[in-house]
Amino acid sequence: MWSVRWLSGVWKTVIMLVIGVVVMVVVIAWLAGMFYRKIPPGEAVAADQPKASADRLWDQVHKVRKVYYEEIVGTLKAASRTEIASRVLAPIEKIYVSAGQTVREGEKLIELDRRALETQLSQANARLVAAEADLKNAEADLRRLEPLVEKQAISQQELDKARTRREVALAQLQHAQQAEAEARVMLSYATITAPKAGMVVDTLAKEGDMARPGVPLLILYDPASLRLEVPVPEHLALQLKKGQTLSVRIDALQKEVESVVDEIVPQAELASRSFLVKVRLPRSEELFEGMSGRLLVPAGQRDHLCLNMDALYRIGQLEFVDVLRDDGVVERRFIKTGRIGMPGRIEVLSGLREGEKVLLRPSPAAPASPGDSGPSA
């Protein structure tokens, strides 16, 4: 009896395992799609593919050879940049400009406290008056003693002393004149003016601060002297020439401007093996020092497929065109495009072959007929 019960238990276990394995196989097969009809490999042709109508324009995908560029990031810097500093030690009384303001040459920028400088000028004027009086007395004494020497009323030694006093008085007068002129010049330094026309970048001091000689108070630069400075790799920099015209893309403005190679520093940086190239930009109210730009340097030529943009459809990030096959059937095909070339043309990276015909979007403005639109470079 015990053996019969044992055998029946074993069979029940085996049957449960078999059932479990069968269920697992069925589930795996269902997840793998074995119970659904599969599309056979190869190109599937939709039953409702339209024929090309007679009122549609077409264009042909063609290959073009075009110069390609490498974009090198640089920074806008001013060739003419001036740090305005005081030449005298004096408190700042008034600042007439602020950051971003455009100034003319000779325009007043900063006024310093003039009282100490005016006092120095007054003292110099007083010393000058005293020196002039001393010289006048010395000359009068000399004129009075010269006849007495001829009459032998005084000795020659006394006459020589009078002449010496006159020379000393004359030297003191010259020294006083120079001191007075220096004090007048120092007083003129109390008014700081713009040495050239330009734009104020930043003010580095406030009213009431002490202006010290050589310490910048504000920074001025000429917007017309803006240049883009870029580290160009040596294999590209050696092809550039001074005066060559290149394009610069300003990312912040989303536009390109023409530039001229102004300077190529004739020394490569050891770490990056690149040359510093400075290109001059046209004057613009939208360009400021410190902005970034991309210099487009010619790097060679390459072939690529060119597509008429009127044939391109976009839905989100998907791009597709309607391809006209040899049998007249229109096939919708997804493609990938690259950069825009000449106006109305765009680069095709994948999805099309050279010589294939694509249908253009219907335009209600003008009637069309097949073949009116041919390939263009």
Side-chain angles (χ1 to χ4, degrees), residues 76-143 161-227 283 285 288-290:
L76 270 65
K77 295 183 179 180
S80 176
R81 183 184 178 93
T82 307
E83 292 183 349
I84 307 298
S86 173
R87 298 187 180 183
V88 295
L89 181 65
I92 298 176
E93 187 174 281
K94 183 68 176 179
I95 299 179
Y96 296 97
V97 295
S98 58
Q101 182 176 342
T102 302
V103 298
R104 302 182 302 273
E105 182 178 356
E107 185 174 344
K108 187 184 295 186
L109 302 178
I110 298 175
E111 187 71 37
L112 303 179
D113 190 350
R114 307 168 62 92
R115 291 173 296 180
L117 300 175
E118 289 175 346
T119 300
Q120 294 177 8
L121 179 59
S122 298
Q123 294 173 354
N125 287 329
R127 287 193 293 268
L128 177 59
V129 172
E132 290 175 347
D134 290 342
L135 178 60
K136 185 181 296 185
N137 292 335
E139 289 178 343
D141 291 342
L142 182 60
R143 287 194 300 270
K161 288 182 179 180
R163 289 175 177 172
T164 302
R165 286 196 302 270
R166 178 185 175 278
E167 296 297 329
V168 171
L170 179 60
Q172 290 177 348
L173 176 61
Q174 294 174 350
H175 178 73
Q177 290 173 342
Q178 294 174 357
E180 190 270 344
E182 182 180 358
R184 194 175 300 277
V185 171
M186 296 295 287
L187 181 61
S188 68
Y189 292 157
T191 301
I192 301 177
T193 59
K196 61 181 69 176
M199 178 179 292
V200 179
V201 179
D202 193 11
T203 55
L204 307 178
K206 303 296 181 183
E207 294 179 0
D209 292 349
M210 182 64 71
R212 293 176 172 82
V215 178
L217 301 178
L218 56 86
I219 300 175
L220 187 72
Y221 82 94
D222 185 5
S225 67
L226 280 179
R227 299 188 301 187
R283 180 163 186 171
E285 299 296 333
F288 298 95
E289 192 177 26

- Task: Measure across Ala176 and Arg127 and return the closest heavy-atom pair with its distance rounded to 0.1 Å.
- Result: CB-O, 3.8 Å
- Item | Within-4.5 Å side-chain heavy-atom neighbours: Glu289 and Leu76 | no
- Student check: side-chain heavy atoms of Lys77 and Arg227 closer than 4.5 Å: no
- Message: side-chain contact (heavy atoms from CB on, under 4.5 Å) for Lys206 and Ile92? Distances and angles first, verdict last.
- Response: CA-CA 7 Å; Lys206 303 296 181 183; Ile92 298 176; over 6 Å; no
- Quick one: does Glu180's side chain get under 4.5 Å of Val129's, heavy atoms only? no
- Query: Does some side-chain heavy atom of Glu182 sit less than 4.5 Å from a side-chain heavy atom of Gln178?
  - Reply: no
- Smallest heavy-atom separation, Leu112 atom then Ala211 atom, equals CD2-CB, 3.9 Å
- Pair Leu226-Tyr221, side-chain contact (heavy atoms from CB on, under 4.5 Å): steps then yes or no: CA-CA 9 Å; Leu226 280 179; Tyr221 82 94; 3.9 Å; yes
- Task: Please check if atom CZ in Arg87 has more than 12 non-hydrogen atoms from other residues, nucleotides or ligands closer than 6.0 Å.
- Result: no
- What's the shortest heavy-atom distance between Thr82 and Pro195, and which atoms? CG2-CG, 4.2 Å
- Apply the side chain to side chain contact (heavy atoms under 4.5 Å, CB included) test between Leu204 and each candidate in Ile84, Val215, Ile219; give the one that qualifies. Ile219
- Looking only at heavy atoms, which two atoms of Ala78 and Asp222 are closest? And how far apart? CB-O, 4.3 Å
- Item | Beyond-backbone contact of Glu107 with Tyr96, side-chain heavy atoms, under 4.5 angstrom | no
- Message: Are the side chains of Arg165 and Asp134 in contact, using a 4.5 Å heavy-atom criterion?
- Response: no
- Item | Minimum heavy-atom distance Arg166-Leu135, with the two atoms named | O-CD1, 3.7 Å
- Does Glu118 use its side chain to pair, donor to acceptor, with the backbone of Leu187 at less than 3.5 Å? no
- Message: Can you give me the closest heavy-atom contact between Thr203 and Val200, atom names plus distance?
- Response: CG2-CG1, 4.3 Å
- Donor-acceptor pair, Glu83 side chain versus Pro216 backbone, under 3.5 Å? no
